[in-house]
2 protein chains.
Amino acid sequence: MNIGQVAAASGVSAKMIRYYESIGLIPKTARTESGYRVYSDHDVHTLRFIRRSRDLGFSVEQIADLVSLWQDRDRASKDVKAIALDHVGVLERKIRELQEMASTLKHLAAHCHGDARPHCPIIEELANDGAAPLPGKPDAKFGALGKGPGR
Amino acid sequence: MNIGQVAAASGVSAKMIRYYESIGLIPKTARTESGYRVYSDHDVHTLRFIRRSRDLGFSVEQIADLVSLWQDRDRASKDVKAIALDHVGVLERKIRELQEMASTLKHLAAHCHGDARPHCPIIEELANDGAAPLPGKPDAKFGALGKGPGR
DNA sequence: CTTGACCTTACCATGATTGGAAGGATTACA
DNA sequence: TGTAATCCTTCCAATCATGGTAAGGTCAAG
């Protein structure tokens, strides 16, 4: 199979397949004489695994760990579970952060008339010089949960 | 005031102040003879406004709009409210997405013994070739809620 | 043998932020 | 006054996963 067919079969774009290969997440594959990458059904399987992991928000680094555990017949399930639960923790922290932002904003918006007049509690809160703490100050990396810069 | 003092007073790093200037979010400020940027209390106020907006997860683009509405005495509060509610929508969509991921993972983890044996429903689900849909496939940009690549 | 669909590599862009290097300015202190 | 420490300046690079584009080679069908 060529890369396009594997991409279609796995749900991972050809771009990303090459990228995953370049960073070592998947091994370098065989090539035809003319340089085309050649894949097997097994590769499709692996790429599906990777895509599903990404869909659950795992980072590439974590996915590398998951793939190697997957392929390790002697793995300990606790190692997998640890990765999963660690990620759950990250997700839940992020969820809380976003919820705080949303709730603050909804509260402010509820008190904003939303008409043609300039008075607006939202702007006032943002401009508030008093140190009333705004919630949700994000404190850690979390860049890659969305599927990259959509646009 | 120099940039360092403004940074400390506003909670926006000197790096980011220069960056905001470079992209036009804040105007180019005056310089001393030797090229140092010079700021006023008013600039601190503006930067605090910006920082608070960021803390609520607004993008730089939205912040630009908010700042200009803030400085517009004739603004319509509905314009502010629209930006806020639009952002709430984005936040809530993201929250739902993350919640689906977390809930799937928690469910799977709950059925994983987490011991030294290899059997693991988490890995099995990731490897599942049947098309049982995994939730939370993120579909849009959302990169910038966390505070950038930590580390 | 041409056309079109595919493949290749190599860059560039995204978004917000941090990091560092190399060098000039200012301040504090002996 | 000298000098060291601390600031400031600009420029470049990296993050993370992904998409885009361009320039060129390959392959299959007509």
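The structure displayed is predicted, hence computed values, not measured ones. All chains are named by letter (A, B, ...) in the order of the sequence lines, taking the proteins before the strands, and each is independently numbered beginning at 1. In what follows, every heavy atom counts, from backbone to side chain, and hydrogens, waters and symmetry copies are set aside.
- Rounding to whole angstrom units, CG of residue B:Asp55 and C1' of C:dT17 are separated by 14 Å.
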### Message
Show, in sequence, the C-alpha distance, side-chain angles and deciding distance for B:Asn128 and A:Arg52, and conclude whether the side-chain contact (heavy atoms from CB on, under 4.5 Å) test is met.
### Response
CA-CA 9 Å; B:Asn128 177 10; A:Arg52 286 171 157 261; 4.2 Å; yes

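- Applying the ring pair (Phe, Tyr, Trp, His ring centres under 6.0 Å) test to every pair with at least one member in residues 5-36 of chain B, sequence neighbours left out, gives no pairs at all.
- With sequence neighbours left out, A:Arg75 forms a salt bridge (charged side-chain N to carboxylate O under 4.0 Å, His left out) with no residue at all.
- Taking side-chain N and O atoms only, B:Arg31 has no distance below 4.0 Å to OP1 or OP2 of D:dC8.
- The stretch residues 13-21 of chain A touches DNA chain C through A:Lys15, A:Arg18, each having a heavy atom under 4.0 angstrom from the strand.
- Taking atom CD1 of residue A:Ile3 and atom C1' of nucleotide C:dC6, one finds them 11 Å apart after rounding to whole Å.
- Proximity of residues 34-50 of chain A to DNA chain C (heavy atom under 4.0 angstrom from any strand atom) is restricted to A:Gly35, A:Tyr36, A:Arg37.
- Atoms NZ (B:Lys28) and C1' (D:dT10) sit 14 Å apart, rounded to a whole Å.
- Atom C1' of nucleotide D:dA17 and atom CZ of A:Arg51 are separated by 16 Å, given to the nearest angstrom.
- Regarding A:Asn2, its CG atom lies at a distance of 5 Å from the P atom of C:dC7, rounded to whole Å.
- Residues satisfying the salt bridge (charged side-chain N to carboxylate O under 4.0 Å, His left out) criterion with A:Arg73, sequence neighbours excluded, are absent altogether.
- Between the C1' atom of D:dC27 and the CD atom of A:Glu33 lies a distance of 13 Å, rounded to the nearest Å.
- Atom-to-atom, CD1 of B:Ile23 to P of C:dA16 comes out at 7 Å; the value is rounded to the nearest Å.
- Using a distance-only test at 3.5 Å, with no hydrogens or angles considered, no donor-acceptor pair links the side chain of B:His113 to the main chain of B:His119.
- Here D:dC16 presents its P atom at 11 Å from CZ of A:Arg54, a figure rounded to the nearest Å.
- Scored by the salt bridge (charged side-chain N to carboxylate O under 4.0 Å, His left out) test, A:Glu92 finds B:Lys106 as partners (sequence neighbours excluded).
- No engagement by A:Thr32 is indicated, since no non-hydrogen atom pair under 4.0 Å with the nucleic acid exists.
- Partners of B:His45 according to the ring pair (Phe, Tyr, Trp, His ring centres under 6.0 Å) rule, which considers only residues two or more places apart in sequence or in another chain, are B:Trp70.
- Not counting sequence neighbours, A:Asp65 has no partner by the salt bridge (charged side-chain N to carboxylate O under 4.0 Å, His left out) test.
- Considering only residues two or more places apart in sequence or on other chains, B:His111 meets the ring pair (Phe, Tyr, Trp, His ring centres under 6.0 Å) condition with B:His107.
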